[in-house]
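Right, one structure below, let's go through it.
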Amino acid sequence: MRFLIRLIVNAVALWVTTLIVSGIEVSGGSTAADIGTLLVVALIFGLVNAVIKPIVQVFGCAFYVLTLGLFALVVNALLFLLTGWLSQQMDIPFSIDGFWPAFWGAIVMAIVSWLLSLVIPDPKRDS
């Protein structure tokens with residue numbers, strides 16, 4: 001259940017990101033196709049963050065310390081860009097037009113996801 005909630009939160013955050021940041025587009029053709037695309041891309045984004053982000057954090061620990069954590073913004077943008085690239089490799093109609101849209105998209109997505117997490121109750125926390 002918790003996995004599904006996180007997936008939907010990420011999909012909604014991704015949708016808001018596509019509305020706010022130019023250069024990030026979902027082109028499924030219909031509303032149902034766009035929703036399916038957002039769910040699949042949110043799944044890819046979650047997998048990229050779960051698998052690759054911890055590895056980058058371990059190896060880039062010195063950069064995190066030297067930049068007082070600002071390097072995390074670059075890492076998040078690159079992971080978001082990787083998500084866009086993986087989506088295109090799988091013929092999913094989702095595109096990111098470069099580093100800066102990925103940079104701002106990662107920031108918007110993190111903020112929207114955080115805000116949604118405040119509103120939606122966590123089943124693990126409630127029990």
Side-chain angles (χ1 to χ4, degrees):
M1 183 69 174
R2 188 168 183 216
F3 171 76
L4 288 175
I5 291 173
R6 287 298 322 152
L7 181 66
I8 292 170
V9 165
N10 280 339
V12 170
L14 187 61
W15 173 66
V16 171
T17 301
T18 62
L19 296 176
I20 294 175
V21 179
S22 68
I24 300 175
E25 296 179 8
V26 173
S27 55
S30 67
T31 303
D34 285 348
I35 290 171
T37 299
L38 289 170
L39 288 170
V40 171
V41 173
L43 178 64
I44 294 169
F45 186 67
L47 290 172
V48 165
N49 275 327
V51 174
I52 296 175
K53 190 172 186 173
I55 296 168
V56 172
Q57 287 176 331
V58 168
F59 288 114
C61 183
F63 290 112
Y64 283 96
V65 172
L66 286 173
T67 63
L68 301 175
L70 292 177
F71 186 65
L73 296 173
V74 173
V75 168
N76 287 340
L78 293 174
L79 292 175
F80 198 50
L81 201 56
L82 176 63
T83 300
W85 180 79
L86 288 172
S87 298
Q88 287 181 340
Q89 298 305 309
M90 292 186 262
D91 291 327
I92 297 169
F94 176 76
S95 65
I96 300 174
D97 295 335
F99 176 78
W100 289 110
F103 180 82
W104 295 113
I107 291 173
V108 169
M109 192 152 164
I111 291 170
V112 172
S113 180
W114 173 72
L115 288 172
L116 288 173
S117 295
L118 290 177
V119 175
I120 297 172
D122 186 2
K124 186 176 179 181
R125 207 177 339 143
D126 293 341
S127 54

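In this structure, CD1 on Ile52 lies 5.0 Å from CG on Leu82, to the nearest 0.5 angstrom. Rounding to the nearest 0.5 angstrom, the gap separating the CG atom in Asn76 from the CG atom in Asn49 is 6.5 Å. The OG atom of Ser113 sits 9.5 Å away from atom CG of Leu118, with the distance rounded to the nearest 0.5 Å. Atom CD1 in Ile111 sits 8.5 Å away from atom CH2 in Trp114 (nearest 0.5 Å). Interatomic distance, Trp100 CH2 to Leu81 CG, rounded to the nearest 0.5 Å: 12.5 Å. A distance of 9.0 Å separates OG1 in Thr18 from CD in Glu25, rounded to the nearest 0.5 Å.
Placement of Leu47 and Ile96 in two distinct hydrophobic clusters is found when ILVMFWY residues are connected by side-chain heavy-atom separations under 4.5 Å, directly or transitively. Under the 4.5 Å side-chain heavy-atom criterion for grouping Ile, Leu, Val, Met, Phe, Trp and Tyr, Leu79 is connected to Val51 within one hydrophobic cluster. Under a hydrophobic clustering in which Ile, Leu, Val, Met, Phe, Trp and Tyr are joined whenever their side-chain heavy atoms come within less than 4.5 Å, directly or via other members, Ile35 and Met90 fall into different clusters. Note: the hydrophobic cluster containing Phe80 does not contain Leu43 (ILVMFWY, side chain heavy atoms under 4.5 Å, direct or indirect links). Under the 4.5 Å side-chain heavy-atom criterion for ILVMFWY residues, a single connected hydrophobic cluster contains both Val74 and Val21.
Within a 6.0 Å sphere centred on CZ of Phe63, other residues, nucleotides and ligands contribute 12 heavy atoms or fewer.
Pairing each heavy atom of Ser87 with each of Val41, the nearest pair is OG-CG2, 3.7 Å. Closest approach of Thr17 to Ala13, counting heavy atoms only: OG1-O, 2.7 Å. Smallest separation of non-hydrogen atoms from Leu7 and Leu39: CD1-O, 3.6 Å. Ile24 and Gly105 make their closest contact through CD1-CA, 3.7 Å (heavy atoms, listed as atom of the first residue, atom of the second, distance). In terms of heavy-atom proximity, Phe99 sits nearest to Ala77 at CE1-CB, 3.7 Å. Smallest separation of non-hydrogen atoms from Val9 and Ser117: CG1-OG, 4.3 Å.
Within the 4.5 Å cutoff, side-chain heavy atoms of Met109 are placed close to those of Leu14.
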- [ ] Might you work through the side chain to side chain contact (heavy atoms under 4.5 Å, CB included) test for Phe94 and Ile44, ending with a clear yes or no?
- [x] CA-CA 11 Å; Phe94 176 76; Ile44 294 169; over 6 Å; no
- [ ] Show your reasoning for whether side chain to side chain contact (heavy atoms under 4.5 Å, CB included) applies to Val56 and Leu78.
- [x] CA-CA 11 Å; Val56 172; Leu78 293 174; over 6 Å; no
TODO: Check the pair Tyr64 / Val75 against side chain to side chain contact (heavy atoms under 4.5 Å, CB included), numbers first and verdict last.
DONE: CA-CA 10 Å; Tyr64 283 96; Val75 168; 3.5 Å; yes
